[in-house]
Amino acid sequence: MNIRFEPSGGLTGELRAPPDKSISHRAALLGAMASEPVRIENYLHAADTTSTLDAVRALGALVEVRDGETVIRGTGLREAREPDGPIDVGNAGTLMRLLPGWLAAQEGRSFTLDGDASIRRRPVDRIATPLRQMGAELDATDERYPPLTVRGGHLRAISYELPVASAQVKSCVLLAALAADGATTVGEPERSRDHTERMLLRAGVNVHRNGRHVTVVNADELILDRLRVPGDLSSAAFLIAAGVLVPGSRLLIGDVGVNWTRTGFLRIVRRMRGIVLGDLEQETGELSAYEPISDLDVAHGALEATVVEPEEVPLAIDELSLVALLGCFAEGETVVRGAQELRIKESDRIAVVVEGLRGLGADIEATDDGFAVCGSGGLRGGSIDARGDHRMAMMGAVAGLASREGVEVVGIEAAAVSYPRFVETLAGLCS
Ligand code: S3P
């Protein structure tokens with residue numbers, strides 16, 4: 001489906017960010033791994049996170065969606081049922097990477113995970129390597145791509161240094177660690193989002209952090225009763241970018257998760273002199289069991305270019321396409337370095353962003369590990385193909401509102417993977 005987004009007057013209004021996708025996936029998985037029912041408030045009911053509910057059902061958990069609550073009656077840590085056929089993860093990379101951590105501990109049972117065409121291009125060797133070291137057996141196409149088959153085993157505790165900063169891979173190993181025979185430590189080259197660690201701590205697991213290393217001690221059970229999913233900073237980021245870019249805008253976005261390992265984009269926007277006020281969590285050495293939230297107050301203003309360095313990348317990984325868009329409007333050259341991981345997201349996000357924004361009139365070059373944009377004070381407009389990637393679809397829509405001639409987004413329906421009411425929400429804010 002194609003929709004044209006016309007240049008807009010100022011965006012104004014108050015709204016709530018939609019529920020967080022990353023935290024919803026984790027809530028459903030930990031709910032399924034728990035022995036007692038877990039009530040989840042504000043679960044995201046979007047395509048990706050519905051795949052997670054379907055997956056845990058296939059594994060024997062009972063899922064009930066009622067009165068604004070999602071209740072999961074899990075199977076316990078070691079009792080996932082072997083399903084009749086493959087588990088379909090749809091488009092959800094987080095499900096594809098996290099779920100095998102739990103399945104690896106199901107001794108004597110075998111599980112196959114598959115998904116859509118985009119999932120079949122996303123590497124899973126990064127989780128297969130540590131899970132094999134722990135004692136599970138895994139097979140993938142060409143040793144690297146889904147479908148992925150996991151045969152559970154008796155797991156050993158390991159120390160594992162991640163070759164790339166990836167919260168998905170870290171989380172996969174930490175979930176497997178729950179059923180291993182001791183304490184497992186994972187090291188990351190740079191800090192990445194820590195939702196899994198926080199939720200495990202909340203569930204009574206012995207988990208601690210020491211700098212770039214996190215250790216999980218095996219557990220008999222997870223004790224979670226209630227969880228509340230905060231609003232998604234990564235979804236709110238599209239509204240924030242629209243508010244910053246479109247002259248005359250003033251938005252109040254409520255209930256946004258501001259865990260510091262997710263707010264790299266807000267720090268980048270502020271460095272570009274964008275106006276985003278809120279009570280952001282400061283970097284913490286100690287692990288917290290909670291997810292902080294804040295209201296964000298966003299207003300239009302002139303932007304300056306910035307350089308995003310490799311250590312900032314994992315903390316803004318899903319928002320870097322928006323940094324490119326902001327760069328088109330900023331004074332000077334905006335550069336993103338050390339972001340080669342973007343090439344293996346739902347699309348090759350370096351190629352798709354560069355091609356897409358160039359088609360709208362941007363002066364932007366791809367590099368091996370990012371891009372460089374020369375701000376030219378705005379964007380002409382035109383047409384952009386989302387290539388099945390939800391974040392590209394939403395970026396195209398925001399570009400249209402801020403452009404001189406409007407933007408047609410080809411494949412806007414992709415937005416539903418993470419933000420089902422995105423188009424209606426944007427329309428409601430436009431004047
Ligand atoms: C996610 C981690 C990131 C991010 C993805 C969600 C998560 O992926 O891009 O959208 O929920 O853990 P990587 O771990 O591959 O960086």
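Remember, it's 1-based here, ligands and their atoms both numbered in the order they're listed. Keep in mind that the numbers below use all heavy atoms, side chains included, and drop hydrogens, waters and symmetry copies. Just so it is clear, the model here is predicted, and its values are computed rather than measured. Start at 1 with the first residue, then count along the sequence.
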Which residue holds the protein heavy atom closest to [atom], what is that atom called, and what is the gap in Å?
| atom | result |
| --- | --- |
| atom 6 (C) of ligand 1 | Thr94 OG1, 3.4 Å |
| atom 11 (O) of ligand 1 | Ser22 OG, 2.6 Å |
| atom 10 (O) of ligand 1 | Asp318 OD2, 2.8 Å |
| atom 2 (C) of ligand 1 | Gln168 CG, 3.6 Å |

Identify which of His195, Lys345, Glu341 has a heavy atom lying nearest to atom 3 (C) of ligand 1.
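The residue whose heavy atom sits nearest atom 3 (C) of ligand 1 is Lys345.
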We want to know whether Thr52 and His25 form a side-chain donor-acceptor pair, criterion being a heavy-atom distance below 3.5 angstrom.
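On atom types as modelled, these side chains qualify, holding a pair under 3.5 Å.
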Would you check whether Arg391 has a nitrogen or oxygen atom less than 3.5 angstrom from a nitrogen or oxygen atom of ligand 1?
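No.
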Glu291 side chain to Asn259 main-chain N or O, any donor-acceptor pair under 3.5 Å?
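No.
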Arg26: heavy atom below 4.0 Å from ligand 1, yes or no?
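Contact check Arg26 vs ligand 1: positive.
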What I'd like to find out is whether the side chain of Val38 reaches to under 4.5 Å of the side chain of Arg73, using heavy atoms alone.
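Side-chain contact under 4.5 Å: no.
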Walk me through it: do Arg202 and Leu30 pass the test side-chain contact (heavy atoms from CB on, under 4.5 Å)?
CA-CA 11 Å; Arg202 180 88 193 266; Leu30 266 66; over 6 Å; no
Any idea which atoms of ligand 1 are less than 4.0 Å away from a heavy-atom of Ile317?
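Within the 4.0 Å cut-off of Ile317, ligand 1 contributes 4 (C), 9 (O).
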Under 4.0 Å from any heavy atom of Ala167, which atoms of ligand 1 are there?
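So the atoms of ligand 1 that pass are 12 (O), 14 (O).
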Hey, which of Glu69, Glu36, Glu41 is the one that makes salt bridge (Lys or Arg N to Asp or Glu O under 4.0 Å) with Arg226?
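When salt bridge (Lys or Arg N to Asp or Glu O under 4.0 Å) is applied between Arg226 and each of Glu69, Glu36, Glu41, only Glu69 qualifies.
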Atom CG of residue position Asn2 - does it have more than 12 heavy atoms of other residues, nucleotides or ligands inside 6.0 Å?
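Enclosed: over 12 neighbouring heavy atoms sit under 6.0 Å from CG of Asn2.
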Salt bridge check, Asp114 against Arg120: does any charged N sit closer than 4.0 Å to a carboxylate O?
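Salt bridge between Arg120 and Asp114, a charged N being under 4.0 Å from a carboxylate O: yes.
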